[in-house]
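Below is one structure, written out as structure tokens, with a few remarks after it.
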Protein chains: 2
Amino acid sequence: MDKKDFRSTLIVTATRLFAERGLNGVSIRELSTAAGVSISMISYYFDGKEGLYSSVLAEQFSCFEYMLSIKERTAGPLDKIEEYIRWSIRRNREHPFLLRYYTSELTNPTRYFSVIVQPALETALQILIGIIKEGIDKKLFREELSPEDTALAMAGMVNYYFLSTLATQGFVNHSPERDEELIRHYMDIFTKGL
Amino acid sequence: MDKKDFRSTLIVTATRLFAERGLNGVSIRELSTAAGVSISMISYYFDGKEGLYSSVLAEQFSCFEYMLSIKERTAGPLDKIEEYIRWSIRRNREHPFLLRYYTSELTNPTRYFSVIVQPALETALQILIGIIKEGIDKKLFREELSPEDTALAMAGMVNYYFLSTLATQGFVNHSPERDEELIRHYMDIFTKGL
DNA sequence: GTCTATATTGCGATAGAC
DNA sequence: GTCTATCGCAATATAGAC
């Protein structure tokens with residue numbers, strides 16, 4: 001946002017607006033006005049509304065590359081799982097609009113899903129599956145576990161905490177101060193069960 | 001769909017189209033053509049596009065009332081949790097578009113969120129929280145568990161399995177034949193941990 | 001690079017015939 | 001109840017001035 005160039009300003013504004021009301025819920029008129037820029041700048045920089053959307057999408061999902069660094073660590077499987085949970089929570093905190101693109105693309109995919117979203121999600125989940133397999137191989141986790149189902153269960157647990165916010169804020173405290181407690185709780189459930 | 005009256009036909013068609021492309025992604029022109037009905041029927045029966053959407057939403061979320069019957073059961077907490085998981089999976093199988101409205105309303109709420117969606121989700125989650133509290137009171141579950149966080153973890157686990165389908169179908173088998181195995185696996189993770 | 005003005009298309013809603 | 005025809009408006013995109 002520091003950069004004063006219109007290209008970045010448009011991306012910042014579009015990120016918020018597309019997240020709040022979806023690709024079809026925002027007009028480039030409204031968007032350019034909100035960004036304090038002429039409407040024609042969208043075609044000039046992004047070749048139209050869809051091009052702007054794809055740029056927003058690419059930027060939002062670039063943070064998934066971080067999973068590669070977790071994979072490369074020398075830590076054991078359990079530590080890596082904690083790192084995964086920690087990163088997932090941090091990711092949702094630092095990119096408050098990401099989950100909207102994430103769920104929107106999974107349920108109403110645009111033409112950019114297969115190019116941007118699917119690869120990012122698959123990479124992260126495959127690494128998580130690999131970590132669980134490693135734990136099973138090393139006899140740290142029970143061999144009856146399906147690595148795939150377990151990985152999806154973990155990913156779902158963390159993401160749903162954020163996804164459900166709007167429906168649960170009346171009876172669940174979602175403040176960031178509680179994040180460490182949440183991480184311990186998730187690790188606790190997964191290591192010991194109920 | 002058996003009923004030939006236009007009102008039901010419009011709801012059936014709208015349920016699919018709104019799910020696939022969102023409220024703003026579908027025009028009433030296209031919708032009425034797909035339903036084989038005149039465009040003016042939408043205003044006639046539903047007082048416009050938004051009214052049609054709200055009718056679709058109300059119908060989709062009516063199935064959440066089923067949770068009340070789980071609450072009333074005489075079974076123990078663990079059996080009730082299995083019933084919850086079983087119902088969640090069945091719900092997603094029987095209402096293939098529900099999760100789209102569910103996530104869309106949670107991330108991009110319309111004016112109908114607080115009237116239709118929020119109450120349905122809160123009721124179901126509060127009942128699940130109650131079941132977990134009951135298990136803690138009866139010393140069946142560990143007392144360190146946060147009922148709220150645990151309930152969200154369970155809900156997230158099941159829903160994410162369906163939510164992630166589009167990104168994971170290449171390496172996770174999502175066929176209904178595997179549902180019973182999935183239920184056993186989820187119960188297994190939650191009762192024993194990794 | 002950035003703007004205004006405009007061309008063109010498609011939108012939601014409805015009047016009025018049947 | 002159902003249709004066609006149309007109104008008025010808002011959408012995206014772009015031509016052309018600066």
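Please read these numbers as outputs of a predicted model, since none were measured by experiment. Protein chains get the first letters and strands the later ones, always in sequence-line order, with residue 1 at the start of each.
S175(B) and R178(B) form no side-chain donor-acceptor contact under 3.5 Å, judged by distance and modelled atom types alone. In this structure, a donor-acceptor pair under 3.5 Å is absent between the side chains of T168(A) and E122(B).
Listed candidates were dA13(C), dA13(D), dC3(D). Nearest to the side chain of M41(B) is dC3(D). For S43(A), the side-chain atoms get nearest to dT14(D) when compared with the rest of dT4(C), dG12(C), dT14(D). In the set dC3(D), dT14(D), dA13(C), dC3(D) carries the atom at the smallest distance from any side-chain atom of S40(B). Minimum atom distance to the side chain of Y45(B) is reached by dT2(D), of the listed dT2(D), dA13(D), dA13(C).
Atom CD1 in I42(A) sits about 14 Å away from atom P in dT4(C), given to the nearest Å. Atom CZ in F6(A) sits roughly 7 Å away from atom C1' in dT2(C) (whole-Å rounding). Put simply, OH on Y44(B) is 5 Å from C1' on dG1(D), counting in whole angstrom units. Atom CD in E30(A) sits roughly 8 Å away from atom P in dA11(D) (whole-Å rounding). Look at OH on Y53(A): it is 19 Å from P on dA11(D), rounded to the nearest Å. Distance, L31(B) CG to dC11(C) P: 11 Å, rounded to whole Å. Atoms CG (L10(B)) and C1' (dG1(D)) sit 13 Å apart, rounded to a whole Å. When rounded to the nearest whole Å, the span between CD1 of I39(B) and P of dA15(C) equals 15 Å.
Looking at residues two or more places apart in sequence or on another chain, you find a side chain to side chain contact (heavy atoms under 4.5 Å, CB included) between T123(A) and L68(A), I127(A). Applying the side-chain hydrogen bond (donor to acceptor under 3.5 Å, both in side chains) rule to S55(B) yields no partners; only residues at least two apart in sequence or on another chain are considered.
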Trace of the salt bridge (charged side-chain N to carboxylate O under 4.0 Å, His left out) decision for E20(B) with R100(B): CA-CA 8 Å; E20(B) 282 169 2; R100(B) 309 198 184 190; 5.6 Å; no
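Q118(B) and L166(A) get closest at one heavy-atom pair: CG-O, 4.2 Å.
Interface remark: the R29(B) side chain does not form any donor-acceptor pair with the dG10(C) base, using a distance-only criterion of under 3.5 Å.
Near-neighbour residues of DNA chain C inside residues 18-27 of chain B, defined by a heavy atom below 4.0 Å, number-ordered: V26(B), S27(B).
Nearest-nucleotide mapping onto DNA chain C: of D47(B) and S38(A), the residue sitting toward the 5' end is S38(A).
None of R86(A), R93(A), R184(A), H174(A) except one satisfies the side chain to side chain donor-acceptor pair (under 3.5 Å) rule with D179(A); the exception is R93(A).
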